[in-house]
Amino acid sequence: MTKTVIVTGGAGYIGSHTVVELYNAGYNPVIIDDFRNSKPWIIDRIESICGGKIPFFNVDCQDELAVKKVVENYTNVHGLIHFAADKAVGESVAKPVQYYQNNVGSLCAILNVMQSCNIENLVFSSSCTVYGEAADPAVTEETPIKEAASPYGDTKITCEKIIQFATKGEGQLKSTLLRYFNPIGAHPSAKIGELPQGVPNNLMPYITQTAKGIREKLTVFGNDYDTPDGTNIRDYIHVVDLAIAHVKALEFLDTAANNSAEPFNLGTGRGSSVLEMIRAFETENNLKLNYVIGPRRAGDVPMIYANPKKAQDVLGWTCKYTVSDAVKHAWNWEQSLGN
Ligand code: UD1
């Protein structure tokens, strides 16, 4: 019998790609999303890639009763992947209560539903932001969690803690805490990708919108860091590789011990500087990007990248796409969008 997987935030950037990979792996993904950070036509695009219908419910995950009603439609719910959350660091500083209410509130709601509906397996979207500025930039899952620099980061740390306690409490919960590095790129079909609302905060959509002429120029946030070219170093991972890791995390939970809440770093293990990303984008897409060097952005750490060994060894997962692939796919996606 096909295993159903509830995907909250399944119309979002990482969620939509994960729904496709779940479908490809033979699961029955069921999307819960209220489109606060996506558009309804993304569902049609997902279905066009999959070549089949994907059940979808327009529900706010803070609404526990509504989520429960969705879940009760299905008899064979194998697990739940919880993407639904607010994710803009700057906005979280301006609207901290909204961030705690939505990110922590939604998690509590879905944990209650999971317990009352006897769903055992939870895959949670966390972030490498939990490590803050680490002494060794190649972070492992043992790298200490740092005091968060933003409400957004603190909601991820708080949610991880809630899940760790919930996993040890009553019920059958097993969980993975997936700490994402910097997802970029889009589906190779260019049918789904990132849909930033308003001015993008993240580097890659800012680059693609600048190349398209929607933004006048990219500002590189500082070139006076203690890194080889002076710009920040991050671990940019293709969103499809990240999506596949969620399928692997679900498979892992099948055999995981009771009460386990396992963190995994999901990155490539390779760092790239902001200037290297600009160069890769220009080279792969054969164009010139208008950019200037500006001041540092508050809260940026100079250098962080994953030590992905645990995810490779335990989940049997490795990245198949390169940064070159990702910058091409990101540009194909951007070009496919209207202005
Ligand atoms: C940010 C968040 C992180 C969050 C992630 C979600 C911070 C400090 N971290 O990661 O918590 O999980 O987004 O997607 O905000 N850059 C420029 N010019 C730009 C935009 C970015 O130079 O216009 C640089 C940044 O300084 C950084 C790199 O590009 O060095 C990547 O930035 P971004 O895409 O915002 O990701 P992070 O800051 O790593």
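Counting starts at 1 for both ligands and their atoms, in listed order.
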Minimum heavy-atom distance between Pro200 and Tyr206, given as atom pair plus value:
O-CD1, 3.4 Å
Indicate the atoms forming the closest heavy-atom contact of Thr158 with Val104, along with that distance.
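Looking at all heavy atoms of both residues, the shortest contact is CG2-CG2, 4.2 Å.
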Would you say Thr219 and ligand 1 have an N/O pair spaced under 3.5 Å apart?
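Yes, since at least one N or O of Thr219 sits under 3.5 Å from an N or O of ligand 1.
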Does any N/O atom on Asn182 come nearer than 3.5 Å to any N/O atom on ligand 1?
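N/O-N/O distance under 3.5 Å: yes.
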Distance filter under 4.0 Å to Asn232 heavy atoms, resulting ligand 1 atoms
26 (O), 27 (C), 30 (O)
Under 4.0 Å to a heavy atom of Val220 - the qualifying atoms of ligand 1, by number
22 (O)
For the residue pair [X] and [Y], is the inter-centroid distance of their aromatic rings smaller than 6.0 Å?
X      : Y      : value
Tyr180 : His246 : yes
Phe124 : Phe83  : no
His329 : His187 : no

Counting heavy atoms only, name the option from Val274, Asn223, Ile278, Asn202 that's nearest to atom 24 (C) of ligand 1.
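Nearest heavy atom to atom 24 (C) of ligand 1 lies in Val274.
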Closest candidate by heavy atom, reference atom 32 (O) of ligand 1, pool Arg297, Met204, Glu194
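Looking at heavy atoms only, Arg297 sits closest to atom 32 (O) of ligand 1.
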Heavy atoms only, cut-off 4.0 Å: how does [X] contact ligand 1, side chain, backbone, both, or neither?
X      : value
Val89  : side chain
Ile304 : neither
Leu218 : side chain
Tyr180 : neither

Identify the protein heavy atom lying closest to [atom], giving its residue, its atom name and the separation to 0.1 Å.
atom                    : answer
atom 26 (O) of ligand 1 : Asp300 OD2, 2.6 Å
atom 34 (O) of ligand 1 : Leu203 N, 2.8 Å
atom 19 (C) of ligand 1 : Phe221 CE1, 3.2 Å

Test side-chain hydrogen bond (donor to acceptor under 3.5 Å, both in side chains) applied to Asp229 - qualifying residues, sequence neighbours left out:
Thr231, Ser273
Could you tell me which residues satisfy side-chain hydrogen bond (donor to acceptor under 3.5 Å, both in side chains) with His82, sequence neighbours excluded, listed by chain and number?
Thr8
Tyr305 six-ring face occupied by Arg234 cation (under 6.0 Å, within 45°)
no
Among the heavy atoms of Tyr236, does any lie under 4.0 Å from an atom of ligand 1?
yes
